[in-house]
Structures are given as structure tokens and as C-alpha cells.
Amino acid sequence: MSDDNRPPVPAAGPSLHGSPGLARARAAALDELRRAPRAVPWQHDALTAVLLVLAATAMALGVGAWLSIVEVHRLQGRWLPLALLVAVQVVGVVAAIAPGRRSMRISAAALAIVAAVSLPLGRGAGLSSAMPGFACSTSHLAVDLVPLALVLYFVRKFSVTTGRALLAGVAAAATGAMAGELSCGRGWSHVVIHHLGAGLAIAVACALLARARAPRTYAP
Amino acid sequence: MFSTAQAAHFAAGLLPFRFVVRYTSIPTAEPESDDALMARFCDGDEDAFAVLYDRYAPQLEAFLRRFVRDRALAEDLLQTTFLSVVRARGRYTPLSGLRGWIYAIAANASRDALRRRGARPELSFDPALLSDLAPASQDADPTLAASDPNMARAVDQALQQLPPDQREAVLLHKVQGLSFPEIASALGTTVGAAKVRAHRGYQRLKILLAAWENA
């Protein structure tokens, strides 16, 4: 049945007559409802965000492999931290977007810590390199920009808390961490300073940017 | 001649459910629940939204006026709140309860507006805003406060001296009549933490009003 055939929505009830503000808010909300009559469930946003972030990661690694920066043969020795990083992306994005679910956010934070610890633990003394350490930090930050923009787009759809924004930032930073695992063979101290440091910077930047401007809605 | 109820009953057997619900007003003993209305609203039903709006908007406007103490800003925030309700209704989960969810949106919008203004609510006295603030003081005599503008002013000024989180909890609990689970949902915290905030707010109000009474 077409919505055009429907009778007009009744005007504000007797209790609302006193306030023009109430009538104005009602009219604005009804206009908005007519523009988008179907609700978009949060699961739809979460799934879209996960798929886009994973696609951005795959694209970043693909371009890196094409430029011979990412060395695919490293996959064999580093599958465990890489698997943890993929899990951090999926769980981190969903936990950042899902309404409520405090336990999921705690689990996502714990998973991120485990993944972060696994990165230097798998390195040992590592190889020496003529490249300065900050080259890795800069690459890490550059690779994270697209996933960061994606997660920011989704978390700004609601009133994001600092904790949720940090989780979203960590999920975005996992892209750079994966690229780092597949392109850098240096030791654990380098990983802690230049890889995890860059990841932390991305997470903090996400938290600051998410709250810098008014969100699109104030829903929790 | 059929009565409206008989006509509705007759139509219910022949017409699709949604048509009957929309075009007939079958009198029911119980008003439709928030979650049932929310389900229809999520499908784009304007009538369901109108019922929810009439159910919550007046009390929400009163809360916003008390919280931000600026009539124009409160009206803007009411509009922002309901635009958020419409745009983000896909984020509503029945577990949180609709009233707590809507108040959470209003509280988030208010906090953000005040933060961007870089100021706490002003302390200017507006008697029109104080008509039902009296119950905020647990020990005060509401009839005295209602009839005594000085008492109402004292309660209002004491409320303004509370930290924002305690003021929110006190307003939501005592003035708006929300339960602690609803307050926890509105403030994005646990039930225990909401109780602690309200308790601390009441303790502080008590001290402030005692000082006023002795003065």
C-alpha cells in the first residue's frame, strides 16, 4: 500500500498546544522519518564497516606486495600475530559500533592487548637495517589512514564514547601492524617503539577526531 | 447501526492487520507498549512515532529546560533529540528500555551542547523553570517550596552547584521519575554507579539547603 494514501498524522495532542518548540520538533522528526522510512539496523552498519576495513587492509597489503615492500613469504612464520590482528579488526569494529555490550568491548580490548604483546614477542633480536626507524612509523601511519577514515565515518553516526573510539582506532591501526609484520624484520624494541607507538598514535587520533565534531546522531 | 468497535471488529476479519490498526481505533484497555510502537516506528509508521512523541516529548522538554536552563537551547535540543531518535532508531535494543534510551540521547545532546558552549548552565533565575523543582530536595517540604519562591530559588541554585553527573542523576530520578536501570541506561553507566551519583547529589543538596535554611 502506498504511503500517499494514508491520512495525515494527527496534530499534536492537547498537552502539546502550549509549546511551539514541541510542534516544531515533531514536524522536523516526521520530515526526517518520511525521508528515510526504513530503519537501518546497527548490525548492517557493523557488517559494512568490517567488510570495508578488511577490504582496505587487503588492498594496502596488495599494493605493498606489488611494490615489493610487503614480503608474502613472511606469512608462514607470523601467522599467529597476523590472525590475532585480523581478529582485532573484526571484533574491534563490531564492539565499537554495537550498542550496549560492555563485555564485548572489554573482550575486544583484551584481544588487542594480546595481539600487541604477540608482535614484539615473535621478533627476538631481529635483523639490522639501514633504514631509519621512523620510516616504519611513517609507513604505518600512512597505511592506516584509509581504515581510520572508514571507522570514523561509522562511529560518528552515534554518540561515541572515548573507549569505543579507541577500539575503532585500534582496529584501524591493525592494518599498519599487519603491513609491518610482513615488511619489517627488525627486533622487538623497534616493534614496540615504531610499530606499536604508531598504532597507539592512530588510536588516540581516532578518539580525538571522533569527538572533535558533533556526531550525526546522539544515540548511545 | 454499527458502533465503531463493531465496525472495527468486522473489518479485522476481512482486512490486512496493518490496515485495520491504521484506519480504525479499536479501544483497548492497555496502551500499546513502547516496544510494539518502536517496532512499527522502525518500519516507518508515522502514527507509531506520533504516539511515542506525545508520550515522551513533553517530559523530555521539561528535563532539557531544567538541565540547560535556556529555553531556546532546550527547544533546539528537543529537536536534535528526536531527529537522533528517527535517524538512529536502528540502534535501539529493547534491553535498554525506550525511556532510558531517549533520555540517553537527550543527555548526550545536552552535554555536547554545553561542552561546545564551553560553559555550565547559567545561574540566572527563571521562575518559569522552577514550577516542579521542589521535590528535588528530599527533606524539603514540597508544598512549602511550591508556594515559596525563595525556597524554589534555593533548590534551583543548589541543583546548579552540583557536578553535572550528579545533577543529571538527581533530575532524572527525583524530577523525571526514572528508575535506576533507566538512569543507568541514560547516563551510559551501571545501575550501581547511577545510584552512587544520585546519592552523592542528594547528600550535597542536603548540605546546601541546610546552609540556606540557617542563613
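On a predicted model such as this, the values are computed, not experimentally measured, just so you know. Here is how names work: the chains are called A, B, and so on, in the same order as the sequence lines, proteins then strands, and each is numbered from 1.
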**OP:** Specify the closest pair of heavy atoms between B:Phe41 and A:Leu33, including all atoms of both residues, with the distance to one decimal.
**Re:** CE1-CD1, 3.7 Å
Original post:
Is a donor on one side and an acceptor on the other found under 3.5 Å between the side chain of A:Tyr218 and the backbone of B:Ser110?
Top reply: no
Original post:
Which bit of B:Glu75 comes within less than 4.5 Å of chain A, counting heavy atoms only: side chain, backbone, both or neither?
Top reply: side chain
Original post:
Is it the backbone or the side chain of B:Thr80 that comes under 4.5 Å from a heavy atom of chain A, or both, or neither?
Top reply: side chain
**OP:** Of all the heavy-atom pairs spanning A:Leu22 and B:Pro58, show the shortest one and how long it is.
**Re:** CD2-N, 4.0 Å
**OP:** Among the options A:Pro215, A:Ala27, A:Ala36, A:Ala29, pick out the one with the most heavy-atom pairs lying under 4.5 Å from chain B.
**Re:** A:Ala29
**OP:** Keeping to residues at least two apart or across chains, list the salt bridge (Lys or Arg N to Asp or Glu O under 4.0 Å) pairs with something in residues 103-121 of chain A.
**Re:** none
Original post:
Using a cut-off of under 4.5 Å for heavy-atom pairs, which of A:Pro41, A:Ala39, A:Ala219 has the most such pairs with chain B?
Top reply: A:Ala39
Original post:
About how many Å separate CD of A:Glu32 and CZ of B:Arg87, when rounded to the nearest 0.5 Å?
Top reply: 4.0 Å
Subject >> Nearest atoms (heavy-atom pairs only) where B:Ile105 meets A:Pro220 >> reply: CG1-CD, 3.8 Å
**OP:** Output the distance between atom CZ (A:Arg26) and atom CG (B:Asp54), rounded to the nearest 0.5 Å.
**Re:** 4.5 Å
Original post:
Rounded to the nearest 0.5 Å, how far does CZ of A:Arg216 lie from CG of B:Leu83?
Top reply: 14.0 Å
Original post:
Among residues 145-167 of chain A, which residues come closer than 4.5 Å to chain B, judged by heavy atom distances?
Top reply: A:Phe158, A:Ser159, A:Arg164
Subject >> Closest contact, heavy atoms only, A:Arg211 versus B:Arg115 >> reply: O-NH2, 3.4 Å
Original post:
What part of B:Phe82 lies closer than 4.5 angstrom to a heavy atom of chain A: side chain, backbone, both or neither?
Top reply: both
Subject >> Structural part of A:Ala214 lying under 4.5 Å from a heavy atom of chain B >> reply: both
Original post:
Taking all atoms of both residues into account, what is the closest heavy-atom pair of B:Arg91 and A:Ala98, and its distance?
Top reply: NH2-C, 4.0 Å
Original post:
Got more than 12 heavy atoms from elsewhere within 6.0 Å of CZ, B:Arg200?
Top reply: no
Original post:
If you look at every heavy atom in A:Arg213 and B:Arg116, which pair is closest and at what distance?
Top reply: C-NH2, 3.1 Å
